[in-house]
Amino acid sequence: MNRNRRRRNEDDNGWAEWGGYFEAKKSKLQEQFRETAATEVEKISDIFKGVAIIVNGLTNPSAEELKKLMAEHGGVFHIYQHSSTTHIVASNLPNVKISKLGSVPIVKPSWITDSITLGKLLDYRRYLLYTNQSTSQPKLDFPVVNRTAKTASDPDFLGEFYNNSRLHLIATLGAEFKQLVAELRDRPERHFPGREKLLEIPTRLNCFVPAPVIMHIDMDCFFVSVGLRTRPELRGQPVAVTHARRAQINANKEREEAVTMNLDRQPEMIEVQMIDGKSSMSEVASCSYEARKCGVKNGMFLGAAAKLCPDIKTIPYDFEGYKEVSMTLYKTIASYTLDIEAVSCDEMYVDITEIFRIFNLSVEDWARHIRAEIMSVTGCPCSTGFGANRLQARLATKKAKPAGSYYLRPDDVEAYMAEIALADLPGVGRATLQKLKGLGLETCGDVQVASLSVLQRELGSKAGETLLEQARGVDKKPLNFHHERKSVSAEINYGIRFKSLDECHNFLESLSNEVWNRLDEVKMRARCVSLKLMVRAADAPVETAKFLGHGICDSFSKSTTTNYVITDPKSIYKEAKSLYEKLHVDFAELRGMGIQLTKLEKIAPINPTLNKFLQKTPTKREQIPVVAVPKPTVTSSKPIPKEKSTRGRPKGGKKAPTSSKNSLSNFFKSKKENAKLQHKQVEIDFEVLKELPQDIRDEVIREYNLDVDLAKPKPQPAAEDKILVPTETKKRSHFEGLQWCQLRPILYAWMKSEKEPANVDVEMLGEHFKQLALDRQIDMLKIAFNFLHRTFGQLDCRWHRAYHAIVDLTQQGMLARYGSMLFVNKDFDCCFC
DNA sequence: ATCCTCCCCTAC
DNA sequence: TAAGGTAGGGGAGGAT
């Protein structure tokens, strides 16, 4: 991506390449495995003689593994498609790409694994990824036995499911647009070609718009509108986007029973009550306003929707179309401003204040202009709402829909709000609404006069407070243009019916790979893995009403904070598997599984100077001070001090391990040897020495013939030095297995990394930071290690580079003077200076 | 008092 | 048949 971006066209604000965004993602995958060194493999068979594959997109097994399998079994692996390529292997390939791939058959990866399992080349036609189920897909000339990955027991399931999941698409597209807005804003240049068009709008006098103005823009029934672009004959009719084509399915006794049994259990699900054993339980992803008039809602089962609206027409999904239209939408808005908070693929907030300030437009002029432009470039209608904050803008959109615009003027807010139904407030969902009903509250007007304490008692302190504010049209949350990820997860609660523990483990492994790929994609690393399970409720029927749905479930989750930074999918799988064992759930009862990663860290150093330095190959000079210290054998290491570390200790009443002593002792031995080697004098920091356990300290003093009188303290250290050394009141156990380090330079480096060095008052920041640490009662050592870890942890532990980066900064006058420093990583590699 | 874990809720 | 994902806010209750 980065490389592509540098090539960008200066005139288009980066858009030319944004169009190629998804393209770029795919080619990156290719780069990844091209870089993988060819591994020498032992030939096992000749199953794939004459077969030459390329891999397109994510697969399971991965491209790398397929490459190895092909080599082992006499096949050929191409990185790019070639005239001699015989098959394309893919788990999910957007329809739009198929036409470009020509006549080479596209097969599922299980063709390869199954062939190997059975020891012979199977007929690939049974493994074709595409069948002629949709007009946009290529027609196939031969009969196809469509082997669909129905349940999670199938290795192709994950990709196939995500390829067809609307919710997955919505979630991932939303996240991608958030990230893209952030990236665009990070570019130094600002270029808004769209604004020129505004000059053509005749300016009027007296169209003062009080600042700030927030615009909320939302496509009207997005999926339907995209689908109707090519189906004009359905305009004005009740239309729904669903997987199913018909609202009735063939009668099936078992299913009728299952439906009835589930109905008994879920009387609150109104739409479920409207269905019977013959109704389709395919969900309506989006429905037209004509369908909504009959009471049809998004998320409803098609069977239920058809009961309300017998004329309803169904149209299939068009995932590529959604991507394309949302891209165009964002592109259009961003040609006017980058003050955008992406909400989802079809919705965003835009701070429009600046545009009004510059162009002297009325809200109506602007709305008419932008809505017309969006209509013309996407072929889809949208609605816009304007207000002084995001809440007002959003409620205005509600009134504007469909295909309209509304400005909620500051003077009208109070009266307007009183009429708003509580259900229309963002954040008020099913559960909250029920609670409020219990209090006899239905409109914002009711809430306006309710007491805060009552609301808080019912909804919790935070939600109570926000609700009261919302009811008055107040929204203090500013738009967030720079979104930072706090978690990455992958979850599937459909098609989970394991027949063996192996199947369950395999699926968990696929999920681990998936979630790892997503983490890597956003260039982050994690330190916490959570596993979420959906388990059939004890009294729920084994057969669910919805085909392969999760039915009525209990959900459980468990997490583990690792004492290392996760740097591969195998670690995720290992942790997830162990969490699964701890939850004691029978694989046969599972109905859903998910893995979530939290405690995320950015993969790259933030400081550009440090970054640049770290990329350099170290010179000989730079390598000298690195001292390797043998790993302590007594205990496992903990890279970042954790209050809970003592809890994780062996419970058998063992004494706390003495790793600290051992490694310190070792450390000084190595230090001495190293000094001899270099014929250099050894410097030992007084404060470090003071903190050593008595016996080691004595040893060090003896070893080095030090002239130190610990009883007579050395000159009073500067104020900030005092806090650098953990005091005796701090529990030593926090730092078991860790070494001391001089903190000031590190903290300065940290602070510098977030603000550019120029014009930063180091002393002031130091004070500020100290206060922060004291206020929050965080150990300075913990902060320092967090920093070190976050910045350098993934760089193959090149601590010497970290050190020299800091020295470098110091020499440039960018850091304060530093004293002796000791850096330690989780493997007890040390560098000292 | 504050943090952490395991939930629940909400939005698209 | 059908494709019930994902991220963030926040609260209860236990641990420290």
Side-chain angles (χ1 to χ4, degrees), chain A residues 92 148-152 157-175 177-178 218-219 222 242-246 248-252 254-255 258 277-283 285-286 298-299 301-303 317 342-348 394 425-435 456 459-464 466 477 480 483-496 515 518 528 530-532 534 544-551 553-561 591-592 594 596 598-599 642-644 646-647 731 776-778:
Chain A
N92 45 0
T148 314
K150 280 185 175 154
T151 72
F157 178 74
L158 200 75
E160 204 154 320
F161 176 80
Y162 281 136
N163 202 22
N164 287 294
S165 163
R166 72 183 197 282
L167 292 171
H168 171 74
L169 182 95
I170 290 170
T172 47
L173 272 191
F177 282 117
K178 280 176 200 191
D218 196 330
M219 303 300 285
F222 185 52
T242 59
H243 280 297
R245 294 283 68 83
R246 293 183 304 121
Q248 297 276 302
I249 60 162
N250 295 334
N252 172 328
E254 273 169 34
R255 206 187 104 148
K278 292 197 199 73
S279 308
S280 164
M281 293 181 86
S282 176
E283 281 174 35
S286 175
N298 291 353
F301 292 139
L302 177 59
Y317 285 87
V343 178
S344 75
C345 56
D346 74 325
E347 182 184 346
M348 68 185 101
R394 193 195 164 99
L425 289 178
V428 176
R430 221 166 50 121
T432 312
L433 199 62
Q434 212 52 42
K435 288 179 190 166
Q456 288 184 320
L459 307 176
S461 76
K462 203 83 182 182
T466 22
K477 215 173 126 195
N480 179 9
H483 179 76
E484 207 163 88
R485 224 30 130 68
K486 296 196 183 77
S487 72
V488 172
S489 66
E491 180 175 347
I492 293 194
N493 302 307
Y494 180 84
I496 308 286
V515 80
R518 293 184 195 178
C528 182
S530 316
L531 180 72
K532 193 194 130 191
M534 283 187 87
T544 55
K546 188 188 180 87
F547 175 64
L548 292 180
H550 58 59
C553 283
D554 295 321
S555 79
F556 303 92
S557 75
K558 193 152 180 63
S559 63
T560 177
T561 300
R591 293 294 180 267
Q596 184 187 47
T598 50
K599 301 194 181 162
K642 270 202 70 190
E643 286 75 1
K644 290 210 162 180
T646 43
R647 207 209 285 158
K731 264 188 266 171
R776 300 178 56 197
Q777 297 189 356
I778 305 170

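A search for salt bridge (charged side-chain N to carboxylate O under 4.0 Å, His left out) contacts involving K532(A) returns E491(A), not counting sequence neighbours. By the ring pair (Phe, Tyr, Trp, His ring centres under 6.0 Å) test, H550(A) pairs with no residue at all, sequence neighbours left out. In this view, Y162(A) and H168(A) satisfy the ring pair (Phe, Tyr, Trp, His ring centres under 6.0 Å) rule, not counting sequence neighbours. Legend: residues meeting salt bridge (charged side-chain N to carboxylate O under 4.0 Å, His left out) with R485(A), ordered by chain and number and at least two apart, are absent.
Regarding F161(A), its CZ atom lies at a distance of 8 Å from the P atom of dT6(C), rounded to whole Å. Atom NE2 in H243(A) sits roughly 11 Å away from atom P in dT1(C) (whole-Å rounding). Protein atom CG of L158(A) is 11 Å distant from nucleotide atom P of dG5(C), rounded to whole Å. For the pair F301(A) CZ and dA2(C) P, the computed distance is 9 Å after rounding to whole Å. If you take OH of Y494(A) and C1' of dA2(C), they are 3 Å apart, rounded to a whole angstrom. Following rounding to the nearest Å, D554(A) (CG) and dC6(B) (P) show an atom-to-atom distance of 16 Å. Atom C1' of nucleotide dG8(C) and atom CD of E491(A) are separated by 14 Å, given to the nearest angstrom. Across the protein-nucleic acid pair, K532(A) atom NZ and dG8(C) atom P stand 16 Å apart, rounded to whole Å.
Nearest to the side chain of R518(A), among dA3(C), dA7(C), dT6(C), sits dT6(C). For K486(A), taking side-chain heavy atoms from C-beta onward, the closest of the listed nucleotides dA2(C), dG9(C), dG4(C) is dG9(C). Nearest nucleotide to the S559(A) side chain, out of dA2(C), dC6(B), dG5(C): dC6(B). In this structure, of dT1(C), dG5(C), dG11(C), it is dT1(C) that holds the atom nearest to the side chain of R255(A).
The shortest distance between the side-chain N/O atoms of T561(A) and the OP1/OP2 oxygens of dC4(B) is not below 4.0 Å. Neither OP1 nor OP2 of dT1(C) sits under 4.0 Å from any side-chain N or O of N250(A). Phosphate proximity of dT1(C) to K278(A): absent, as no side-chain N or O sits under 4.0 Å from OP1 or OP2. For S489(A), a side-chain nitrogen or oxygen approaches OP1 or OP2 of dA7(C) to under 4.0 Å. Checking the phosphate oxygens (OP1, OP2) of dT5(B), a side-chain nitrogen or oxygen of K599(A) falls inside 4.0 Å. For dG4(C), neither phosphate oxygen OP1 nor OP2 lies less than 4.0 angstrom from any side-chain nitrogen or oxygen of Y162(A). Within the structure, a side-chain polar atom (N or O) of S280(A) is placed less than 4.0 Å from OP1 or OP2 of dA2(C). For dA7(C), the OP1/OP2 oxygens have no side-chain nitrogen or oxygen of T598(A) closer than 4.0 Å. Contact check, H483(A) against dA7(C): no side-chain N or O comes under 4.0 Å of OP1 or OP2. In terms of phosphate contacts, R166(A) brings no side-chain nitrogen or oxygen within less than 4.0 Å of OP1 or OP2 of dA2(C).
To the nearest 0.5 Å, atom CG of residue L531(A) and atom OG1 of residue T560(A) are 11.5 Å apart. Residue C345(A) holds its SG atom at 6.0 Å from CD1 of I170(A), rounded to the nearest 0.5 Å. Between H243(A) atom NE2 and N164(A) atom CG the span is 5.0 Å, to the nearest 0.5 Å. In this structure, the separation between CD on Q248(A) and NZ on K278(A) is 7.0 Å, given to the nearest 0.5 Å.
Summary of helix geometry: the two end axes of the helix from dA1(B)-dT16(C) to dC12(B)-dG5(C), each defined by five base pairs via their C1' atoms, are inclined to each other by 10° (rounded to 10°).
Mapping K462(A) and T544(A) onto DNA chain C by nearest heavy atom places T544(A) at the nucleotide closer to the 5' end. Mapped onto DNA chain C by nearest heavy atom, V488(A) and H550(A) fall at different nucleotides, with H550(A) at the one closer to the 5' end.
Here the shortest heavy-atom pairing between K435(A) and L459(A) reads CD-CD2, 3.9 Å. Summarising the geometry of K546(A) relative to F301(A), their closest heavy-atom pair is NZ-CE2, 3.4 Å, with the distance given to 0.1 Å.
With a 4.5 Å cut-off on side-chain heavy atoms, I249(A) and R255(A) count as touching. S282(A) places a side-chain heavy atom less than 4.5 Å from the side chain of S280(A).
E484(A) comes within contact range of the sugar-phosphate backbone alone, with a heavy-atom separation under 4.0 Å but no base atom that close. Looking at heavy-atom distances under 4.0 Å, S461(A) makes contact with sugar-phosphate atoms alone, never a base. Counting non-hydrogen atoms under 4.0 angstrom, I492(A) reaches the backbone sugars and phosphates but no base. At a threshold of 4.0 angstrom between heavy atoms, the contacts of A490(A) are confined to the sugar-phosphate backbone, with no base atom among them.
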key: Protein proximity profile, nucleotides 7-12 of chain B - base contact B, sugar-phosphate-only contact S, no contact -, cut-off 4.0 Å on heavy atoms   = SSSSSB
